[in-house]
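Accompanying notes for the structure given below.
A, B, ... follow the sequence lines: proteins, then strands. Residue 1 opens every chain. The shown structure was predicted, so the numbers you read here are calculated from the model rather than taken from an experiment.
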Amino acid sequence: MKIASWNVNSLKVRLEHVLQWLESAQPDVLALQETKMTDDVFPQTAIEAAGYQVVYAGQKTYNGVAIIAKDQPKDMITDIPDLGDPQRRILAATVNDVRIIDLYVVNGSAPGTEKFTYKLNWLDKVTRFIEQQMAQFDDVVVLGDFNIAPDDRDVHDPDKWHEKILCTTEERQALNRILDLGLQDSFRLLHDDAGLFSWWDYRMNGFVRGLGLRIDLVLCSDEMSEAVTAAYIDDEPRKWERPSDHTPVITEFYW
DNA sequence: ATGGTCGATCGTCGA
């Protein structure tokens, strides 16, 4: 089973990229973030024509998540207890008996801002939701744009980014509280290397210069970690014309 | 140098 995550930064602009990537990579599951469109204009027909099923939760202009899968995603959840947040950042669904939780984590702007506080509160509520889901489902994958670089290996210039947004101790502690529920960062099961990134800022020619962060993650429950056969980042789509600023991250399991 | 580039939308915000 091949499970991937990709922040597409507007599915309207990136639909052809997604279709091309589905055809070449043939994932069983592709979780999208930042579709930036309402459900009534979601390109369901085009995705189904490519041989996939899809569920989605979108809004105008901002956010938006979707789960594309060869098997029909079932039992979807878009709203979680106590959050009271209309933003479409969360989508849980079951695919091939694996509970998939697709997250577009709040960016947080900068430490000390209201948005940063909101990010930490949002992560706290989501952590409780994941805990509940893990109590209900045997196999859980939590993936998406976490907007957190787990440690300094995931940062091109750790000194420059020290305690900056996406790299603060508080954000990393919040991520660790999710991992402490019994989840693994699947990429780190197989790779110790620094300097492997999933996002590069559009500005300053960041991709060509390697000015990236690894903020897109595929977490799997501890029991699933034994079954991970590959975990990697496909930076090819970041080289395509008019790319998203993120590129797909992929984890493969032997069943 | 605290910049820069995108996307949605149409002046400006979010990332």
Figure out the [atom1]/[atom2] separation between [X] and [N], and round it to whole Å.
{"X": "A:R238", "N": "B:dT5", "atom1": "CZ", "atom2": "C1'", "value": "10 Å"}
{"X": "A:K12", "N": "B:dA8", "atom1": "NZ", "atom2": "P", "value": "7 Å"}
{"X": "A:N205", "N": "B:dG3", "atom1": "CG", "atom2": "C1'", "value": "15 Å"}
{"X": "A:R242", "N": "B:dT5", "atom1": "CZ", "atom2": "P", "value": "15 Å"}
{"X": "A:E241", "N": "B:dG7", "atom1": "CD", "atom2": "C1'", "value": "16 Å"}
{"X": "A:L11", "N": "B:dC6", "atom1": "CG", "atom2": "P", "value": "19 Å"}

A:W199 vs A:H246 aromatic rings, parallel, tilted or perpendicular, using cut-offs 30° and 60°?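 Ring orientation of A:W199 relative to A:H246: tilted.
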Please identify each residue that fulfils side chain to side chain donor-acceptor pair (under 3.5 Å) with A:D234, with sequence neighbours left out.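 Residues passing side chain to side chain donor-acceptor pair (under 3.5 Å) with A:D234: A:W21.
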Please name all residues satisfying side chain to side chain donor-acceptor pair (under 3.5 Å) with A:R214, sequence neighbours left out, ordered by chain then number.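 A:R214 satisfies side chain to side chain donor-acceptor pair (under 3.5 Å) with A:D154, A:D185 only.
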Please tabulate, one pair per line, each protein N/O and nucleotide N/O from nucleotides 13-15 of chain B that are separated by under 3.5 Å, including the distance.
residue: B:dG14; atom: OP2; partner: A:K115; partner atom: NZ; Å: 3.4
residue: B:dG14; atom: O5'; partner: A:K115; partner atom: NZ; Å: 3.4

Can you name the residues that form a ring pair (Phe, Tyr, Trp, His ring centres under 6.0 Å) with A:F207, not counting sequence neighbours?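 Listed in chain order: A:W200.
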Please enumerate all residues that pass ring pair (Phe, Tyr, Trp, His ring centres under 6.0 Å) together with A:F42, with sequence neighbours excluded.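 In terms of ring pair (Phe, Tyr, Trp, His ring centres under 6.0 Å), with neighbours along the sequence ignored, A:F42 is linked to A:Y56.
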In whole angstrom, give me the gap between the P atoms of B:dG4 and B:dC13.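 Comparing P positions in B:dG4 and B:dC13 gives a spacing of 15 Å.
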Given the P atoms of B:dG14 and B:dG3, what is the spacing between them in whole Å?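 Nearest-Å result for B:dG14 against B:dG3 at atom P: 16 Å.
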Keeping to residues at least two apart or across chains, list the salt bridge (charged side-chain N to carboxylate O under 4.0 Å, His left out) pairs with something in residues 66-79 of chain A.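 Every salt bridge (charged side-chain N to carboxylate O under 4.0 Å, His left out) pair that includes a residue of residues 66-79 of chain A, provided the two are not neighbours, is A:D79-A:R88.
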Select base, sugar-phosphate, or nothing to describe what A:R14 touches, counting heavy atoms under 4.0 Å on all strands.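 Sugar-phosphate contact only - A:R14 comes under 4.0 Å of backbone atoms but never of a base.
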